[in-house]
Amino acid sequence: MMAASLAHEMNNPMMSILNYLQYYMKHTRNDDKNYGILQDALHETKRCIDFLNNLLTFIYMGVEERYQKTSCGLLFDRVFKLLSYRIKTEGILIKQHIAEGTPDVWMKVNNIQQVFLNLITNALDAVKDKERKEITIDIKPEGENVQITVSDNGFGIAPENLGKIFNPFFTTKPAGKGTGLGLSIVKNIIIAHGGRISSESEHGLGSRFQILLPMEKPKSV
Ligand code: ADP
């Protein structure tokens, strides 16, 4: 509990520092002598925030959180709000389709929010160098489940890596950027909810992650 409250307490000021740094970067020419310093400060601040997020995810997985009936669309709205600065400044087009009549799902809200946050953060990283940057969310009922699909038109996943991406510590990101923990946490959370997750990708053209979440609470709960 102490670690969780520390991580929460630190996350908010870190986000403010990040916003200030991003503001100053925007108003500093890239030939200014301070530009490199700001760039380093921004990079280190992002590292701290990533670390705090991973810590929070681990903590939430261990904490006895109650199941609540919640709308997946609402959780994505929260995630897009958290990532609004990146989405706006990087010019990301977000498309969201929620089928009419999609029911709310019994879930541990903090856990599932972390799942969506990790998937969208990965998608943002993947589309970074594309001219048209697009992330699409599809939510619809599928039998006893709600199906959630997150697709992007980013650099995709090499066929030889597709079988490894859910392994802990597997990352293709440069040292200091990726921990390789995001998707293994995502998979654990989905399995704990009695759900399933799969991924497919056309290398160079984009990736798609598909989640099936049971509408009802797992029987063991
Ligand atoms: P990290 O983001 O720290 O590398 P993850 O477990 O979240 O850790 O992801 C593992 C790897 O899976 C990434 O390094 C990347 O190679 C690949 N990956 C995940 N999501 C995507 C995506 N949307 N597009 C392309 N590659 C992805």
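Every number for a ligand or one of its atoms is a count from 1 in the order of the listing.
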Atom [atom1] of [X] with >12 non-hydrogen neighbours under 6.0 angstrom:
X	atom1	answer
Q96	CD	yes
Y20	OH	no
M10	CE	no

Atoms in ligand 1 with a heavy atom of [X] nearer than 4.0 Å:
X	answer
T171	1 (P), 4 (O), 14 (O)
I165	6 (O), 10 (C), 12 (O), 17 (C)
F209	20 (N), 23 (N)

Any idea which protein heavy atom is nearest [atom], and the distance to it?
atom	value
atom 7 (O) of ligand 1	N122 ND2, 2.9 Å
atom 26 (N) of ligand 1	I157 CG1, 3.3 Å
atom 14 (O) of ligand 1	T172 N, 2.9 Å
atom 1 (P) of ligand 1	G180 N, 3.6 Å
atom 2 (O) of ligand 1	K173 NZ, 2.7 Å
atom 23 (N) of ligand 1	D152 OD2, 2.9 Å
atom 24 (N) of ligand 1	S207 OG, 3.2 Å
atom 10 (C) of ligand 1	F170 O, 3.2 Å

Looking only at distances, please establish whether an N/O atom of ligand 1 is found under 3.5 Å from an N/O atom of [X].
X	answer
S184	no
F155	no
L183	yes

D152 side, atom CG; K128 side, atom NZ - distance, nearest 0.5 Å: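 Going from the CG atom of D152 to the NZ atom of K128 covers 13.0 Å.
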
Residue among Q147, H97, E100 satisfying side-chain contact (heavy atoms from CB on, under 4.5 Å) with K140: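 Of all the options given, the one that passes is Q147.
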
Heavy-atom pair of closest approach, residues C72 and M107: SG-CE, 4.0 Å

So, 4.0 Å and heavy atoms of [X]: is ligand 1 close enough to count as a contact?
X	answer
G156	yes
F166	no
N118	no

Ion pair check, D125 and R86, cut-off under 4.0 Å: yes

Residues which pass salt bridge (Lys or Arg N to Asp or Glu O under 4.0 Å) with K88, listed by chain and number, not counting sequence neighbours: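 Result, salt bridge (Lys or Arg N to Asp or Glu O under 4.0 Å) vs K88: none returned.
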
Pairs satisfying ring-ring contact (aromatic ring centres under 6.0 Å, His included), at least one member in residues 108-153, at least two apart: F76-F116

Sub-6.0 Å ring centroid separation between F155 and H203: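 No: the rings miss the under 6.0 Å criterion.
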
Verify same cluster id: L42, Y24 (apolar side-chain graph, 4.5 Å): yes

